[in-house]
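Each remark here refers to the structure printed beneath this line.
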2 protein chains.
Amino acid sequence: MTRNSAKILTYSQDCNECPIRHRAVCARCESDELEMLEQFKYYRSFEAGQTVVWAGDKMDFVASVVTGIATLSQTMEDGRRQMVGLLLPSDFVGRPGRETSAYDVTAATDLVMCCFRKKPFEEMMLRTPHIGQRLLEMTLDELDAAREWMLLLGRKTAREKIASLVCIIARRDASLQLKASDGELRFDLPLTREAMSEYLGLTLETVSRQMSALRKEGLIVTEGKRQIIIPDFDRLLEETGDDSDGGFLV
Amino acid sequence: MTRNSAKILTYSQDCNECPIRHRAVCARCESDELEMLEQFKYYRSFEAGQTVVWAGDKMDFVASVVTGIATLSQTMEDGRRQMVGLLLPSDFVGRPGRETSAYDVTAATDLVMCCFRKKPFEEMMLRTPHIGQRLLEMTLDELDAAREWMLLLGRKTAREKIASLVCIIARRDASLQLKASDGELRFDLPLTREAMSEYLGLTLETVSRQMSALRKEGLIVTEGKRQIIIPDFDRLLEETGDDSDGGFLV
DNA sequence: ATCAGCTATTGATCTACATCAAGGCGCGAA
DNA sequence: TTCGCGCCTTGATGTAGATCAATAGCTGAT
């Protein structure tokens with residue numbers, strides 16, 4: 001079993017409504033710790049485009065994405081923006097021990113997050129080593145993802161960037177289940193061209209052009225607004241520049 | 001006190017010969033845990049240019065840099081390379097729970113690392129929550145650094161990239177102590193043009209040209225091979241594109 | 001003293017992507 | 001039905017940085 005399939009499996013088992021995805025690992029949890037989590041949990045909803053917190057603002061909670069997509073971005077004084085995190089369901093936001101957000105957190109689609117007040121969460125971390133361990137694992141995964149992303153930003157061509165992004169979403173998207181029998185992959189690409197360009201370090205025009213190019217060559221098929229079909233995943237993978245076995249970008 | 005100065009302070013207090021920099025935090029440690037660390041510790045030296053491990057190779061230890069500089073890089077099939085980690089003294093290498101290296105680890109200068117066999121280290125992590133907590137903190141710092149780096153790779157101009165790199169090294173370099181009385185900063189930039197280009201996602205020619213440009217404008221002064229003087233740190237900072245207060249890239 | 005092998009610099013040219021600009025499509029509001 | 005507004009596409013042009021190429025300094029070996 002490859003690392004990728006293992007990863008996909010892991011995600012499908014995760015619990016989106018717990019900052020440490022506890023369902024997947026709670027065999028080791030004591031039930032009263034979970035009670036603690038339940039007790040301090042609350043939900044917040046955002047519409048597509050809304051900002052959850054601005055960089056520098058107070059952020060007195062940690063959270064995990066339940067449904068929808070959130071992004072982390074940095075902005076330069078003159079307005080240049082770079083996305084630095086793409087949060088899908090079950091992903092974690094917020095840094096224990098830091099009281100302000102270092103990034104703009106934005107709802108890329110309609111979004112539901114499951115939040116925990118930071119204070120009790122940190123106390124529980126101290127009492128329950130398992131939670132810290134889980135968080136460490138998740139953070140290490142994120143760091144690996146960030147480093148794969150750095151390779152993309154620093155060295156890939158626009159075409160490779162687009163192909164990579166489509167493959168990344170395809171792999172992570174839960175509705176991956178929508179895989180048709182003949183090996184074609186059908187799923188939602190719920191990002192605007194602008195969001196894609198912020199992810200990839202390109203302009204939205206370049207994103208649009210390269211999407212068109214991949215479409216003309218039959219590497220991807222678009223259906224309606226944002227439904228994407230990948231007729232042959234391996235063929236698209238070849239356009240990413242990654243070596244065939246690698247690309248374990250979470 | 002700004003975040004930056006706080007960070008510098010932290011580093012200067014760190015212990016380079018312990019994977020969790022324990023001197024800085026060992027007030028909370030039990031002494032027999034430290035004994036454990038001592039017991040499984042060994043040193044390895046490398047010459048500049050030598051490879052510590054290749055991506056994909058077995059890596060049965062974790063380590064911290066004692067002296068010198070190590071880099072983490074990814075390589076694409078056709079040889080394009082991107083640096084994804086720059087490890088200065090006291091920085092940690094290796095991922096607990098992973099038996100192969102995900103990156104090429106290379107000695108950028110002559111290098112001494114303090115290594116711990118992975119197995120006993122992991123056992124100790126289980127027994128000593130404090131170590132995991134420390135590792136989590138360090139990993140979160142690395143993740144922040146990676147995200148700052150992503151902004152650099154995705155959105156900064158070549159000039160801004162160079163200025164940023166020089167500032168980053170200046171801030172982190174221990175020999176920061178070499179700060180002269182009139183506010184000028186003198187330190188070693190122990191990276192070849194090629195290493196700089198791999199860090200920045202540029203070619204080495206572009207690095208060379210931009211270094212020359214900054215030199216001609218008096219923003220930096222070079223002395224001998226790799227000694228650098230920054231006559232006015234704040235003026236150089238303005239060239240990085242970062243907002244004046246931010247830029248806490250570890 | 002000479003040479004081979006690095007590393008760095010600088011120039012000439014090319015090109016991938018950015019920038020500027022003009023429509024087009026779909027959708028909700030009036 | 002029409003208008004306005006987001007979002008996307010496509011074309012024309014500009015440019016930052018890549019690529020190709022020549023040379024120079026430095027170091028250590030013969």
Side-chain angles (χ1 to χ4, degrees), chain A residues 47-50 76 78-82 106-110 152-166 188-217 220 222-228 239 241, chain B residues 47-50 76 78-82 107-110 152-166 188-217 220-228 239 241:
Chain A
E47 284 174 26
Q50 267 192 296
M76 294 171 68
D78 61 3
R80 281 175 282 174
R81 276 172 71 86
Q82 176 64 51
T106 312
T109 63
D110 288 348
L152 177 148
L153 290 172
R155 295 302 182 190
K156 288 190 179 179
T157 64
R159 181 187 174 89
E160 288 168 341
K161 285 177 174 183
I162 298 285
S164 299
L165 177 55
V166 173
D188 239 44
L189 180 56
L191 297 178
T192 64
R193 297 287 180 256
E194 187 178 31
M196 292 174 70
S197 74
E198 285 180 10
Y199 185 110
L200 299 170
L202 297 171
T203 59
L204 69 97
E205 293 95 326
T206 298
V207 171
S208 185
R209 272 185 252 273
Q210 296 293 339
M211 287 291 285
S212 300
L214 292 181
R215 201 184 308 123
K216 271 172 203 143
E217 297 172 37
I220 60 176
T222 53
E223 195 163 275
K225 199 69 177 170
R226 282 175 191 168
Q227 181 98 179
I228 288 203
E239 301 296 329
Chain B
E47 285 173 26
Q50 269 192 296
M76 295 172 68
D78 61 3
R80 280 175 282 174
R81 276 172 72 85
Q82 175 64 51
T109 63
D110 289 346
L152 177 148
L153 290 171
R155 295 302 183 191
K156 289 190 179 178
T157 65
R159 181 187 174 87
E160 287 167 341
K161 286 177 174 182
I162 299 284
S164 299
L165 177 56
V166 173
D188 239 44
L189 179 56
L191 297 177
T192 64
R193 297 286 181 255
E194 187 177 32
M196 292 175 69
S197 74
E198 286 179 9
Y199 186 111
L200 299 170
L202 298 170
T203 60
L204 68 95
E205 292 95 327
T206 299
V207 171
S208 186
R209 271 185 253 274
Q210 297 293 340
M211 287 291 285
S212 299
L214 292 181
R215 200 184 309 124
K216 271 171 203 143
E217 297 173 36
I220 60 175
V221 180
T222 53
E223 194 162 277
K225 201 67 177 172
R226 281 173 191 167
Q227 180 100 178
I228 288 203
E239 301 297 327

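What you see is a predicted model, and the numbers here were worked out from it, not measured in a lab. Residue numbers begin at 1 in each chain, while the letters A, B, ... track the order of the sequences.
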Between CZ of A:R193 and P of D:dC7 the distance, given in whole Å, is 12 Å
For A:L214, is there any backbone N or O sitting under 3.5 Å from a side-chain donor or acceptor partner on A:E217? no
Closest non-hydrogen atom pair between A:T203 and A:S197, with its separation: C-CB, 3.6 Å
If you look at every heavy atom in A:G241 and A:E160, which pair is closest and at what distance? CA-OE2, 4.0 Å
Looking for any heavy atom pair under 4.0 Å, which part of the strands does B:R215 touch: base, sugar-phosphate only, or nothing? sugar-phosphate
Please give, in whole Å, the distance from C:dG28 P to A:E47 CD? 14 Å
Within this structure, what is the CD1-to-C1' distance between A:I162 and C:dC17, rounded to whole angstrom? 12 Å
How many whole angstroms separate atom CG of A:L189 from atom C1' of D:dC8? 13 Å
Across the strands shown, which category fits B:T192 at heavy-atom distances under 4.0 angstrom: base, sugar-phosphate, nothing? sugar-phosphate
List the atom of B:D110, the atom of B:A48, and the distance in Å for their closest heavy-atom pair. OD1-N, 2.9 Å
Please classify the nucleic acid contact of A:S208 as base, sugar-phosphate, or nothing, using heavy-atom distances under 4.0 Å. base
So which pairs with a foot in residues 199-213 of chain A pass salt bridge (charged side-chain N to carboxylate O under 4.0 Å, His left out), sequence neighbours left out? none
Say whether, by atom type as modelled, one donor and one acceptor occur between the side chain of A:Q82 and the main chain of A:Y199 under 3.5 angstrom. yes
Sort me out a list of protein N/O and nucleotides 22-26 of chain C N/O pairs below 3.5 Å, or just none if empty.
none

Cationic N near anionic O, under 4.0 Å, A:E239 to A:K156: no
How many whole angstroms separate atom CE of B:M211 from atom C1' of C:dT9? 12 Å
Strictly below 4.0 Å, N to O, side chains only: are A:R155 and B:E198 in salt-bridge contact? no
Base versus backbone protein contacts along nucleotides 11-24 of chain D [heavy-atom cut-off under 4.0 Å; B, S, -]: BB----SSBB----
Could you check how far CG of B:L214 sits from C1' of C:dT10, rounded to whole Å? 16 Å
If I take atom CD in residue A:E194 and atom P in nucleotide D:dC8, what distance separates them, rounded to the nearest angstrom? 9 Å
How long is the line joining CD of A:Q227 and P of D:dC8, in whole Å? 15 Å
Exceeds 12 heavy-atom contacts within 6.0 angstrom, atom CD of B:E47: no
